[in-house]
Amino acid sequence: MKSHVGRVRQVNEDYFACIADLNGRVLAVVADGMGGHQAGDIASRLAVERIVKELRHLDGELSDEDARERLMDALLMANEEVYQYAQQHPECSGMGTTIVAALLGETGGVTAHIGDSRLYHFNADGLQLKTEDHSLVHELMKSGQITAEEASVHPQRNVLMRALGTEPDVRIDLGQFNWSEGDVVLLCSDGLSNKVDHSVMVEWLKRPVSLQAQVDGLVEHALDAGGEDNITLVAVRNKPKPVTGNREG
């Protein structure tokens, strides 16, 4: 895991968590707050902490379908908490956050996300993006109005179509995938994905170094490419023995 404020911003509005002892599952979450100084970092922290709280005591016998439902419910609870906080604190009016979250077991994972933070799955077949950005430029690309190259420099590329906490009701995208020993799941804010090409991600994930060294290298690459935004990355490798320990930040 690694989070960096970047080379331009004064405040890190990203927040993350990785909890590795949920009765055989791992919870990974990345949030990218929005709403300006203070509000954005409050939104991302509130959302991640609420999701962790809701999932802290998972039943080890949960099916993937049940795990996906629990994950969605946790995001809905986080949405309510962020929205209510903004209602009660006028200085935070309009704040919100992206969220990408995964519950990972030995053979597969379930995902939930809203906004433009992303989840990738890396295995022997390459690197696959498992989430779809809820952004204006992505909608323009889908409709054929702009190309991927135009999207990367579009003046409204940071405009979100959906975010957590901005409305009382929210629509969350759910997903599911299989993974095997040696595979890596990577969650990141757009401070990374906007600055690091797909091919560079693959290059780093193939390097024969530790997972932390790969993460550190990707963040440094984003910084070297300008680092105008906060950069956050959480990566989890499927290993035969359980990983212990928690970390949030």
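Hydrogens, waters and symmetry mates are skipped; everything else that's a heavy atom, side chains included, is used. Remember, predicted model here, so these are calculated numbers, not experimental data.
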Output yes when a side-chain donor or acceptor of Ser44 lies under 3.5 Å from a complementary backbone atom of Asp32, and no otherwise.
no
Spatial distance of atom CZ (Arg237) from atom CG (Leu211) [nearest 0.5 Å]
4.5 Å
Which distance, rounded to the nearest 0.5 Å, do you find between the CG of Leu127 and the NZ of Lys206?
10.0 Å
Same hydrophobic cluster for Phe122 and Leu233, using side-chain heavy-atom links shorter than 4.5 Å among ILVMFWY?
yes
Donor-acceptor pair, distance only, cut-off 3.5 Å: does the side chain of His134 make one with the backbone of Ile172?
no
Applying salt bridge (charged side-chain N to carboxylate O under 4.0 Å, His left out) to Arg9 and Glu228, what does each step give before you reach the verdict?
CA-CA 7 Å; Arg9 302 285 180 91; Glu228 293 90 352; over 6 Å; no
Show me, pair by pair, the donor-acceptor contacts under 3.5 angstrom made by side chains of residues 216-223, not counting sequence neighbours?
unit_1: Asp216; atom_1: OD1; unit_2: Gln212; atom_2: NE2; d: 2.8

For Val5, the rest of its hydrophobic cluster, which grows through side-chain links under 4.5 angstrom
none
Output the distance between atom CG (Leu27) and atom CG (Leu55), rounded to the nearest 0.5 Å.
5.5 Å
Exercise: identify the closest heavy-atom pair between Ala31 and Val48:
CB-CG2, 3.6 Å
Single hit among Asp14, Asn194, Leu192 for side-chain contact (heavy atoms from CB on, under 4.5 Å) with Ile231
Leu192
Enumerate, atom names and distances included, each donor-acceptor pair closer than 3.5 Å involving a side-chain atom of residues 64-77, sequence neighbours excluded.
unit_1: Asp66; atom_1: OD2; unit_2: Ser63; atom_2: OG; d: 3.2
unit_1: Arg68; atom_1: NH1; unit_2: Gln176; atom_2: OE1; d: 2.3
unit_1: Arg70; atom_1: NH2; unit_2: Glu54; atom_2: O; d: 2.9

Taking salt bridge (Lys or Arg N to Asp or Glu O under 4.0 Å) as the definition, give me every residue that meets it alongside Asp59, ordered by chain and number, with sequence neighbours left out.
none
Is there side-chain contact between Leu46 and Met95, with at least one heavy-atom pair below 4.5 Å?
yes
Do Val234 and Val185 sit in the same hydrophobic cluster, where Ile, Leu, Val, Met, Phe, Trp and Tyr count as joined when their side-chain heavy atoms come under 4.5 Å apart?
yes
Here the salt bridge (charged side-chain N to carboxylate O under 4.0 Å, His left out) pairs for residues 173-182, sequence neighbours left out, are Arg162-Asp173
Heavy-atom check, side chain of Asp190 versus side chain of Asp229, under 4.5 Å
yes
Tabulate below the donor-acceptor pairs under 3.5 Å that side-chain atoms of residues 102-111 make, not counting sequence neighbours, or state none.
unit_1: Thr111; atom_1: OG1; unit_2: Gly175; atom_2: N; d: 3.2

Does Leu205 reach the side chain of Val202, with side-chain heavy atoms less than 4.5 Å apart?
no
Which value, rounded to the nearest 0.5 Å, describes the distance between Ser193 atom OG and Leu187 atom CG?
11.5 Å
Report whether Val82 and Val170 are members of the same hydrophobic cluster (ILVMFWY, side-chain heavy atoms less than 4.5 Å apart, transitive linking).
no
Asn12 CG to Asn230 CG distance, which is reported to the nearest 0.5 Å
4.0 Å
Taking Ser189 for the side chain and Thr232 for the main chain, is one N or O donor matched with an acceptor at less than 3.5 Å?
yes
Distance-minimising heavy-atom pair for Gly94 and Thr166:
O-CG2, 4.1 Å
If you look only at pairs with a residue in residues 110-124, which of them pass as a salt bridge (charged side-chain N to carboxylate O under 4.0 Å, His left out), with sequence neighbours excluded?
Arg118-Asp133
Shared hydrophobic cluster for Ile114 and Val52 (ILVMFWY, side-chain gaps under 4.5 Å)
yes
Rounded to the nearest 0.5 Å, what separates atom CE in Met34 from atom CG in Asp41?
13.5 Å
Compare all side-chain heavy atoms of Leu119 with those of Leu186 and state whether any distance is below 4.5 angstrom.
no
Quick one: list whatever passes salt bridge (Lys or Arg N to Asp or Glu O under 4.0 Å) with Glu203, sequence neighbours left out.
Arg207
Using the test side chain to side chain contact (heavy atoms under 4.5 Å, CB included), find all partners of Ser143 that sit at least two apart in sequence or belong to another chain.
Gln145
Pair listing, salt bridge (charged side-chain N to carboxylate O under 4.0 Å, His left out) test, anchored in residues 79-88, at least two apart
Arg50-Glu81
For His4, which residues count as a ring-ring contact (aromatic ring centres under 6.0 Å, His included) partner, sequence neighbours excluded?
none
Test item: side-chain donor near acceptor, Asn123 and Ser180, under 3.5 Å
no
Flag side-chain contact, heavy atom, 4.5 Å: Trp179 against Val236
yes
Salt-bridge criterion met for Glu49 and Lys53 (N-O under 4.0 Å):
no
If Ile, Leu, Val, Met, Phe, Trp and Tyr residues are connected whenever their side-chain heavy atoms lie under 4.5 Å apart, and connections chain through other members, are Val209 and Val215 in the same group?
no
Pairwise side-chain contact, His113 with Ile99, heavy-atom cut-off 4.5 Å (strictly under):
no
For a quick test of reading the model, state the closest non-hydrogen atom pair linking Ala235 to Val184 and the distance between them.
CB-CG1, 4.2 Å
What pairs of donor and acceptor atoms, side-chain ones from residues 83-90 against any protein atom, are under 3.5 angstrom apart with sequence neighbours left out?
unit_1: His89; atom_1: ND1; unit_2: Tyr85; atom_2: O; d: 2.9

